[in-house]
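What follows is a single structure, written as structure tokens, with notes after it.
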Amino acid sequence: MSGQRVLNMAREQLATAASILNIDEGLHQVLAHPVRQVIVNFPVVHDNGEVAVYEGYRVQHNLSRGPTKGGIRFHPDVDVEETTALSMWMTWKCAVVNIPYGGAKGAVKVNTKQLSRREIEKLARRYATSINMIIGERSDIPAPDIGTNAEVMGWIMDTLSMQHGYTVPGVVTGKPIELGGSEGRVEATGRGVVVSAIEACRATGIDFEGAKIAVQGFGNVGSVAARLSEQHGAKVVAVSDATGGIYNENGLPVNELYQKFSGVEGGIRNYKECDEISNEDLLEVKCEVLMPSAIQEQITEKNAKKIKAKLVVEGANGPTTPEADRILGDKGVMIVPDILANAGGVVTSYFEWVQDLQNFFWEEDQVNDRLAKIMQRSFASVHDMAVKHKVDMRTAAMLIAVQRVAEATTMRGIFP
Ligand code: GLU
């Protein structure tokens with residue numbers, strides 16, 4: 001199972017940080033394990049009347065800095081180990097940008113492409129009910145991830161509210177605006193990726209305007225990152241989605257691609273003024289900035305040597321393996337790690353939650369400005385740490401995050 005590999009990868013990253021920080025073995029073990037893993041099996045009646053049983057998970061990694069926070073993934077390849085790794089990364093992500101949450105993640109093993117909208121709704125509602133004893137606006141707040149979106153979050157909010165007997169908007173973020181969602185939340189992860197890329201370009205002497213960018217993944221993260229990069233004057237030369245990739249060294253009209261082909265049968269491959277490439281080829285095209293924004297374990301020891309980008313900005317969670325980290329590091333490639341680069345989503349989720357708890361909603365400009373400030377400040381602190389300790393950006397981000405979580409855990413003390 002690839003989940004175990006991903007969990008090993010997350011634990012290896014923690015071990016590196018724990019050893020530099022001289023964290024004692026007991027505390028290291030606390031941080032290496034999730035506080036709660038719930039596995040559920042639940043039935044859904046399909047449109048044809050047949051019953052199918054689905055397996056789902058909700059994992060909470062660490063509660064020291066506040067309620068746990070993290071998305072829900074609907075994907076056929078998930079397992080409890082992968083969900084655990086993703087929950088750990090959420091803990092570090094919230095800590096590195098200093099928002100008051102611990103990390104969590106949820107998932108259901110399902111291929112939603114084979115389900116009708118009504119079946120997906122029933123699955124979401126039943127999954128939410130199966131984990132309702134551990135989620136809540138003060139305890140654990142889900143959000144969208146791969147395979148889920150605002151509509152699914154709306155159903156989950158409604159399901160939990162029906163069970164409470166009153167509306168509880170703060171129980172989930174990434175909701176439709178009409179149901180207490182925040183302006184700017186849908187674009188927030190991609191926006192944060194681009195803010196990070198601009199900061200990283202500045203730090204490494206690359207001019208973002210005119211820089212060639214390749215984006216793997218054209219979902220909620222990649223499509224926004226590509227479009228905002230274009231708006232900031234960069235040249236997006238390659239993009240890919242589940243159908244494969246496209247490349248044009250003179251640049252692709254990403255906004256047009258998004259308007260015309262997103263969600264359309266055949267995807268971006270419907271566009272013809274380009275070369276067709278595979279998702280693997282995309283990672284190796286000639287560009288200054290590579291944004292892997294699809295899924296984990298894409299840059300590995302097999303292809304790391306062939307990567308031509310000077311900067312890798314991780315829109316996805318866990319796209320680069322520790323072996324690839326070392327190879328790219330030796331080549332002088334800067335990697336802006338996932339826990340920093342894609343934190344924009346959870347930062348704006350935090351804004352949404354605060355707005356829901358206060359029943360007081362902000363303008364889109366306020367949301368985007370506050371997001372940009374947090375991303376810039378976090379980038380600067382990670383970069384300073386990297387320079388000070390002569391470590392790469394991932395280790396630097398982990399040092400800041402692990403230190404914050406370790407301090408909170410120690411200050412609270414071990415109960416009883
Ligand atoms: N699923 C997103 C992530 O991996 C967002 C999580 C959230 O907003 O809670 O960061």
Side-chain angles (χ1 to χ4, degrees), residues 6 10 57-63 65-75 78 82-97 99-108 131 135-150 152-154 156-157 169-176 180-193 195-196 217 219-222 224-225 292-296 313-319 336-356 367 371 374-375 378 397 401:
V6 180
Y57 324 96
R58 184 73 185 169
V59 180
Q60 300 171 346
H61 171 250
N62 187 284
L63 324 171
R65 300 181 72 254
T68 50
K69 186 86 192 77
I72 292 172
R73 183 171 284 201
F74 286 174
H75 193 275
V78 296
E82 177 190 290
T83 312
T84 303
L86 289 160
S87 75
M88 270 175 97
W89 283 328
M90 283 308 303
T91 300
W92 314 136
K93 196 183 295 190
C94 295
V96 83
V97 293
I99 55 174
Y101 291 131
K105 203 79 174 195
V108 179
I131 59 165
I135 59 176
E137 65 172 359
R138 296 284 173 184
S139 54
D140 181 8
I141 306 116
D145 198 79
I146 293 170
T148 58
N149 57 18
V152 173
M153 296 306 118
I156 294 179
M157 187 278 272
V171 75
V172 53
T173 60
K175 300 178 295 294
S182 177
E183 298 286 349
R185 175 61 186 87
V186 174
E187 304 82 21
T189 313
R191 184 176 294 278
V193 169
V195 173
S196 303
N220 180 245
V221 183
V224 176
S293 307
I295 202 154
Q296 62 267 13
V313 185
E314 296 183 331
N317 291 312
V336 187
D338 46 8
I339 57 169
L340 172 63
N342 72 34
V346 73
V347 169
T348 305
S349 274
Y350 167 55
F351 297 157
E352 178 174 333
W353 181 71
V354 168
Q355 293 171 75
D356 287 339
V367 173
L371 168 64
I374 292 185
M375 294 305 296
S378 306

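In listed order, ligands and their atoms are each counted from 1.
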**Study point:** Option among Thr91, Thr173, Asp140 that satisfies the side-chain hydrogen bond (donor to acceptor under 3.5 Å, both in side chains) test with Lys69
**Key:** Thr173

Point to revise | Geometric N/O contact Asp145 with ligand 1, under 3.5 angstrom | key: yes

Review point. Nearest to atom 10 (O) of ligand 1, what protein heavy atom do you find, and at what distance?
Key: Lys93 NZ, 2.6 Å

Check your understanding: Can a donor-acceptor pair be found between the side chains of Asn220 and Asn149 at a distance below 3.5 Å?
Key -> no

**Study point:** Residue portion contacting ligand 1 (non-hydrogen atoms closer than 4.0 Å) for Leu86
**Key:** neither

Check your understanding: For ligand 1, is there an atom lying under 4.0 Å from some heavy atom of Arg73?
Key -> no

**Study point:** Heavy-atom closest contact (Glu82 atom, Gln296 atom, distance)
**Key:** OE1-NE2, 2.7 Å

Review point. Is the shortest N/O to N/O distance between Thr173 and ligand 1 below 3.5 Å?
Key: no

Point to revise | ligand 1 to Pro144 polar contact by distance, N or O atoms, under 3.5 Å | key: yes

**Study point:** Side chain, backbone, both or neither: the part of Arg185 lying under 4.0 Å from ligand 1 by heavy atom
**Key:** side chain

Practice item. Can you pull out the closest protein heavy atom to atom 9 (O) of ligand 1? Residue, atom name and distance to 0.1 Å, please. Key: Lys69 NZ, 2.8 Å

Practice item. Would you kindly specify which portion of Met153 sits under 4.0 Å from ligand 1, judged on non-hydrogen atoms: side chain, backbone, both or neither? Key: neither

Practice item. Sequence neighbours left out, what passes side-chain hydrogen bond (donor to acceptor under 3.5 Å, both in side chains) with Arg185? Give chain and number order. Key: Ser349

Revision key, fill the gap. Closest to atom 8 (O) of ligand 1 among protein heavy atoms sits Ser349 OG, 2.6 Å

**Study point:** Check: Glu352 side chain, Gly174 main-chain N or O, donor-acceptor pair, under 3.5 Å
**Key:** yes

Check your understanding: Do any N or O atoms from the side chain of Asn62 and from the backbone of Gly102 form a donor-acceptor pair under 3.5 angstrom?
Key -> no

Review point. Should Gly70 be listed as contacting ligand 1, given a heavy-atom distance under 4.0 Å as the test?
Key: yes

Check your understanding: Between the side chain of Thr68 and the main-chain N/O of Ile141, is any donor-acceptor distance below 3.5 Å?
Key -> no

